[in-house]
Amino acid sequence: MLSKLKIYNTLTNKKEEFKPIDPNHITMYVCGPTVYDFAHVGNARPVVVFDTLARLLRHDYGKLTYARNITDIDDKIIEASQQTGEDISVITEKFTKHYEEDMTQLNAEMPDIIPKATDYIDEMIELISDLVEKGHAYEAEGHVLFHVSSMDDYGELSGRSVADLLAGARVDVASYKKEAPDFVLWKPSTDDQPGWDSPWGRGRPGWHTECSAMIKKELGTTIDIHGGGLDLIFPHHENEIAQSKCSHDGAALANHWMHNGYLTVNGEKMSKSLGNFVTVHELLEEFPGKGEAIRMALLTAQYRQPVDFSRSGILQAKKQIDNWQRLTKGVNPSVPSEKVLNALRDDLNTPKAIMELHQLAKKAKENDEEKSILKASAQMLGLLNLNYNEWFDVLTSEDGSTLGTIEISPARDKEGIERLIKERTEAKKNKNFARADLIRDELDAEFIKLLDHPDGTTTWERR
RNA sequence: GGUGCGGUGGCGGAGAGGCUACGCAGCGGAUUGCAAAUCCGUGUACACCGGUUCAAAUCCGGUCCGCACCUCCA
């Protein structure tokens with residue numbers, strides 16, 4: 001490979017050469033969703049970013065084990081259950097399914113391992129017991145808390161010191177805490193709350209516990225890459241580090257910590273609490289079959305920079321994909337361009353990679369080989385995964401096998417469109433241009449775009 | 001208050017001391033019955049004020065503005 005992978009590491013605040021523990025097998029863990037509602041576009045950003053990284057890692061190193069968890073026990077889920085009256089498992093299963101369907105529409109491949117928190121209760125209890133034994137955690141009023149002061153280097157990821165945290169504590173400190181920054185490993189459940197038996201009574205795990213336990217079981221003591229959104233640095237990832245390091249005699253949890261920037265709306269973070277969010281689900285209804293354009297819009301900025309969400313951004317991305325689709329119609333992918341790969345190897349510089357794709361497209365206009373390279377290169381970013389017909393929803397009825405991803409209205413099904421095209425061709429022959437234009441306008445209103453070719457034929461694309 | 005990130009042309013967005021990416025939109029042209037698609041061509045930029053340098057969007061100092069984390073959040 002021409003250049004080595006460089007990754008910005010939150011732990012050192014520097015771009016570093018990626019040094020795998022085992023170059024023949026990379027391990028990566030990314031924090032996934034708490035499944036109590038639809039994922040919004042901001043939640044989709046890390047999914048798309050780390051899916052792109054996963055593609056690069058597989059290309060460069062061959063084997064990757066990529067894990068992304070599902071948090072299926074959490075106070076928000078309990079709350080949702082109380083509000084809707086639905087059983088917790090009904091809620092978590094429903095939204096896990098929606099999540100996976102929606103992310104698949106964004107061309108995000110499923111991770112190799114999708115651990116669910118509730119499948120790892122035993123491992124979490126084991127981890128907590130270990131921390132208690134080693135003097136890093138204590139029991140109080142049915143809770144088990146991690147004692148931050150018991151650790152020398154707490155705060156290494158977020159650049160905070162225990163002293164600062166103690167001084168800056170603004171929130172009322174719970175009575176059972178020895179010190180304000182201490183965090184919950186295990187908490188008691190009332191009878192109407194879900195719970196599991198433990199050495200500390202019936203209860204449930206704190207939020208941070210699951211990741212440490214699942215990483216250890218599924219990927220090992222120290223992994224190569226741990227990722228997630230910027231807002232997880234503190235306290236979530238900081239606390240994962242604390243738990244894992246203290247139970248592993250100081251061994252690192254992950255060598256490279258990567259955090260994606262926010263998706264913003266008018267410059268402000270898209271978030272549930274601000275109410276300025278759009279779910280991926282509704283966006284896919286708005287742009288049916290065009291999840292790839294949403295994906296590309298998310299990749300137009302380098303992953304650490306903010307991306308401002310807008311419909312026009314998605315439309316702009318869609319136009320670019322439209323162009324590439326026309327250019328690579330009927331083309332099979334060959335091998336990705338080194339220029340595109342090198343852009344990705346530079347801390348996942350996707351805007352630069354996209355620029356290289358445009359350069360390839362320019363060359364591809366006269367060269368079929370370049371078209372194959374363009375397609376393979378775009379697929380490194382999870383783009384051009386669909387073929388021309390699928391993307392433009394051109395239904396090929398000959399064998400009935402390839403049907404587009406979208407259902408079009410019955411009046412405008414393939415036969416209807418072809419009949420109108422035939423009628424328009426006749427009208428054009430008879431110089432009845434008024435009729436010809438009327439047909440085009442009518443179809444345009446149905447989002448069907450007609451393309452007249454120099455040889456007299458007419459094809460169509462769905463916008 | 002502490003910590004961190006950023007301000008680049010109409011918009012999106014790389015770059016990071018000299019060769020002024022790239023895309024979208026715009027404009028001009030070719031093509032077209034008219035369009036679309038396609039092709040060719042084309043303009044505008046580095047928040048502000050100082051400094052270093054032969055040379056600064058890029059380095060240094062300061063100012064202003066925006067955002068985020070410190071509490072659940074991707």
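Since we're looking at a predicted model, the values are computed, not measured. Throughout, protein chains are lettered first and strands after them, A, B, ... in sequence-line order, and every chain is numbered starting at 1. Just so it is clear, the values below take in all heavy atoms, side chains as well, and ignore hydrogens, waters and symmetry mates.
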For atom CD1 of A/I321 and atom P of B/C22, their distance in whole Å: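 For the pair A/I321 CD1 and B/C22 P, the rounded distance is 21 Å.
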Checking B/G2, B/G13, B/C22 against the side chain of A/D164 (C-beta onward), the nearest is B/G2
The nucleotide from B/G12, B/A74, B/G6 with an atom nearest the side chain of A/T300 is B/G12
Distance between the [atom1] atoms of [N] and [M], in whole angstroms?
| N | M | atom1 | result |
| --- | --- | --- | --- |
| B/G15 | B/G7 | C1' | 16 Å |
| B/G61 | B/G66 | P | 23 Å |
| B/C27 | B/G10 | C1' | 13 Å |

Any strand: nucleotide that pairs with [N] via Watson-Crick or wobble, under 3.5 Å:
| N | result |
| --- | --- |
| B/C54 | B/G18 |
| B/U32 | none |
| B/C27 | B/G41 |
| B/U71 | none |
| B/C5 | B/G66 |

inquiry  = Looking at B/G15, I'd like to know if its phosphate oxygens (OP1 or OP2) sit under 4.0 Å from a side-chain N or O belonging to A/N349.
reply    =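 Looking at the OP1 and OP2 atoms of B/G15, one of them is under 4.0 Å from a side-chain N or O of A/N349.
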message: With a 6.0 Å cut-off on the ring centroids, do A/Y36 and A/F95 count as close?
response: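 For A/Y36 and A/F95, the ring centres are not under 6.0 Å apart.
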Exercise for the section: Taking the six-membered ring for Trp and the single ring otherwise, decide whether the centroids of A/H237 and A/W257 are under 6.0 Å apart. Expected result: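 Between A/H237 and A/W257, the centre distance is under 6.0 Å.
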List every contact pair, protein side and nucleotides 30-37 of chain B side both N or O, where the distance is under 3.5 Å.
| residue | atom | partner | partner atom | Å |
| --- | --- | --- | --- | --- |
| B/G33 | N1 | A/D437 | OD1 | 2.9 |
| B/G33 | N2 | A/D437 | OD1 | 3.4 |
| B/G33 | N2 | A/D437 | OD2 | 2.7 |
| B/C34 | O2 | A/R440 | NH2 | 2.5 |
| B/C34 | N3 | A/R440 | NH1 | 2.7 |
| B/C34 | N3 | A/R440 | NH2 | 3.4 |
| B/C34 | N4 | A/D452 | OD2 | 3.2 |
| B/A35 | N1 | A/D452 | N | 3.4 |
| B/A35 | N3 | A/R440 | NH1 | 3.1 |
| B/A36 | N1 | A/D452 | O | 3.0 |
| B/A37 | O3' | A/R326 | NH1 | 3.2 |

query: Relative to the 5' end of RNA chain B, which residue comes earlier, A/P33 or A/P306, by the nucleotide with the nearest heavy atom?
result: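 This one resolves to A/P306.
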The answer to which of A/D322 and A/G159 contacts RNA chain B further toward the 5' end, by nearest nucleotide, is A/G159
Within residues 67-81 of chain A, those residues having any heavy atom closer than 4.0 Å to RNA chain B are A/K76
